**Student:** 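There's a structure below that I have some questions on.
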Amino acid sequence: VVQRQDHRMLTSCLGMELQSSGRHILGVFLALLNVALSSTGFVLQRKAHLEQEEDNPRFWNRALWATGVLLYVLAALPDVIAYTLIPQVLCTTVACFRLVVVTALAHLCLGEHIALREVFGIGMCTLGTSLCLAFGPRRSASGHAPEGDFYHEKAEIYVLLASCLLLLLLLVEHRKQLGFCRLGSPCSFALPLVTGLAYALQKVFNTELGFSPTPNGPFADPKVMVFVAVIALLGLLDFYLNLR
């Protein structure tokens with residue numbers, strides 16, 4: 001009887017380990033897929049802009065730009081799922097690797113020159129990303145958030161303060177359209193700040209969604225529905241700000 005119980009416990013542990021490894025591999029793959037799609041979409045949009053300056057056919061430029069935008073939008077889906085499968089540290093590390101991919105694609109597709117300094121930086125970034133993926137943390141399958149609450153205790157305060165700052169920066173960025181502010185050059189920093197803050201807030205909800213228990217149905221858990229809606233809204237805001 002004892003041997004059977006030990007065998008069952010060992011089988012259960014191995015099954016959980018295999019399941020955790022499968023989630024980790026899938027999460028890393030989806031994060032890399034996001035980098036590939038978003039980088040390709042960004043470079044295609046840039047190429048369409050450059051060819052427009054050279055007076056190339058308008059239909060070709062629009063088709064190229066639309067393809068780039070479509071790839072950039074499609075890249076959001078694997079990114080959202082990746083944040084629910086692997087720790088945020090690994091997702092952000094892979095996201096930083098996007099700089100390497102964009103630089104390489106710009107050299108191949110846009111004719112931009114890469115000097116020895118850029119090659120050295122690409123090598124260092126690639127090595128750092130590989131080490132983080134190989135020896136980085138793994139997400140525990142046992143952690144779940146309390147019902148109707150965040151998994152991380154400080155997330156509520158962070159979300160509240162960041163949301164207030166996000167609204168303030170959005171007002172500053174649209175000061176000319178609203179006609180209530182005539183501020184000068186210091187407000188030029190509003191666009192990159194509000195874009196980065198919207199992206200960071202989205203990733204907070206992405207990460208928290210990964211710690212939410214799996215609902216029995218699409219409308220079973222209101223918190224999951226709210227998280228998904230906020231992620232979609234912040235994703236649209238990030239897309240809008242990147243087009244400005």
Side-chain angles (χ1 to χ4, degrees), residues 27 30-42 45 66 68-99 102 139 144-175 177-178 187-215 218-244:
L30 291 175
L32 292 173
L33 179 61
N34 164 259
V35 169
L37 292 175
S38 60
S39 301
T40 304
F42 179 81
Q45 293 177 60
V69 171
L70 179 61
L71 290 177
Y72 193 85
V73 172
L74 291 177
L77 181 59
D79 185 49
V80 171
I81 301 176
Y83 269 84
T84 65
L85 297 176
I86 57 178
Q88 193 178 72
V89 174
L90 299 184
C91 290
T92 51
T93 301
V94 176
C96 292
F97 187 69
R98 183 183 292 113
L99 294 174
V102 170
R139 170 166 291 180
H144 287 296
E147 184 176 356
D149 201 356
F150 286 91
Y151 178 76
H152 299 90
E153 297 179 357
K154 298 181 180 180
E156 293 183 7
I157 300 177
Y158 176 85
V159 167
L160 179 61
L161 295 177
S163 299
C164 294
L165 182 58
L166 179 67
L167 292 176
L168 177 62
L169 289 173
L170 282 173
L171 291 176
V172 174
E173 171 59 24
H174 294 82
R175 64 193 182 280
Q177 292 86 340
L178 297 175
C187 290
S188 61
F189 293 98
L191 180 58
L193 285 177
V194 71
T195 304
L197 188 58
Y199 181 83
L201 265 177
Q202 184 190 29
K203 300 315 168 190
V204 170
F205 282 97
N206 268 181
T207 303
E208 291 292 334
L209 184 63
F211 288 100
S212 300
T214 304
F219 305 104
D221 191 348
K223 183 186 73 171
V224 173
M225 294 174 57
V226 171
F227 280 9
V228 172
V230 172
I231 290 170
L233 180 62
L234 290 172
L236 291 174
L237 177 61
D238 178 66
F239 178 69
Y240 162 73
L241 292 172
N242 275 281
L243 292 179
R244 284 182 64 84

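Keep in mind that this is a model prediction, so the values were computed, not measured. Throughout, numbering of the chain's residues begins at 1 and tracks the sequence.
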**Student:** Do Phe205 and Val159 pass the side chain to side chain contact (heavy atoms under 4.5 Å, CB included) test, and can you show the C-alpha distance, the side-chain angles, and the key distance before you say yes or no?
**Tutor:** CA-CA 9 Å; Phe205 282 97; Val159 167; 3.8 Å; yes
**Student:** Quickly, which of Val80, Ile81, Leu77 forms a side-chain contact (heavy atoms from CB on, under 4.5 Å) with Leu30? Name it, please.
**Tutor:**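 Considering Val80, Ile81, Leu77, a side-chain contact (heavy atoms from CB on, under 4.5 Å) with Leu30 is found only for Ile81.
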**Student:** In Å and rounded to the nearest 0.5 Å, what is the CG to CG distance from Leu201 to Leu237?
**Tutor:** 9.5 Å
**Student:** Return the minimal non-hydrogen interatomic distance between Gly27 and Ala82, and the atom names on each side.
**Tutor:** O-CB, 3.5 Å
**Student:** Among Leu166, Leu165, Leu169, Val172, find the one that has a side-chain contact (heavy atoms from CB on, under 4.5 Å) with Leu193.
**Tutor:** Leu169
**Student:** Please report the closest heavy-atom contact between Ala76 and Asn34, naming both atoms and the distance.
**Tutor:**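 Where Ala76 meets Asn34 most closely, the heavy atoms are N-ND2, 4.3 Å.
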**Student:** More than 12 heavy atoms of other residues, nucleotides or ligands under 6.0 Å from CZ of Phe97: yes or no?
**Tutor:**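 More than 12 heavy atoms, drawn from other residues, nucleotides or ligands, come within 6.0 Å of this atom.
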**Student:** Minimum heavy-atom separation for Gln88 and Lys203, please, with both atom names.
**Tutor:**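 For Gln88 versus Lys203, the nearest heavy atoms are NE2-O, 3.4 Å.
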**Student:** Please check if the side chain of Ser39 supplies one atom and the backbone of Ala36 the other of a donor-acceptor pair under 3.5 Å.
**Tutor:** no
**Student:** Got a second to check how far Asp79's CG is from Tyr83's OH, nearest 0.5 Å?
**Tutor:** 5.5 Å
**Student:** Let me know which of Leu234, Leu241, Asp238 forms a side-chain contact (heavy atoms from CB on, under 4.5 Å) with Tyr199.
**Tutor:**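 The side-chain contact (heavy atoms from CB on, under 4.5 Å) with Tyr199 is passed solely by Asp238 among Leu234, Leu241, Asp238.
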**Student:** Considering non-hydrogen atoms only, spot the tightest contact between Pro78 and Leu74 and give its length.
**Tutor:**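 Result for this residue pair: CD-O, 3.2 Å.
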**Student:** Supply the atom-to-atom distance Leu161 CG to Leu197 CG, rounded to the nearest 0.5 angstrom.
**Tutor:** 10.5 Å
**Student:** Any side-chain heavy atom of Phe42 sitting closer than 4.5 Å to one from Leu71?
**Tutor:** no
**Student:** How long is the gap from CG on Leu160 to CD1 on Ile157, to the nearest 0.5 Å?
**Tutor:**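 One finds 8.5 Å between CG of Leu160 and CD1 of Ile157.
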**Student:** Scan for salt bridge (Lys or Arg N to Asp or Glu O under 4.0 Å) pairs involving residues 89-99, sequence neighbours excluded, and state none if there are none.
**Tutor:** none
**Student:** Shortest non-hydrogen contact from Ser38 to Ala75?
**Tutor:**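 That would be N-CB, 3.6 Å.
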**Student:** Over all heavy atoms of both residues, which pair between Val194 and Leu191 is shortest? Give the atoms and the distance, please.
**Tutor:**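 That would be CG1-O, 3.2 Å.
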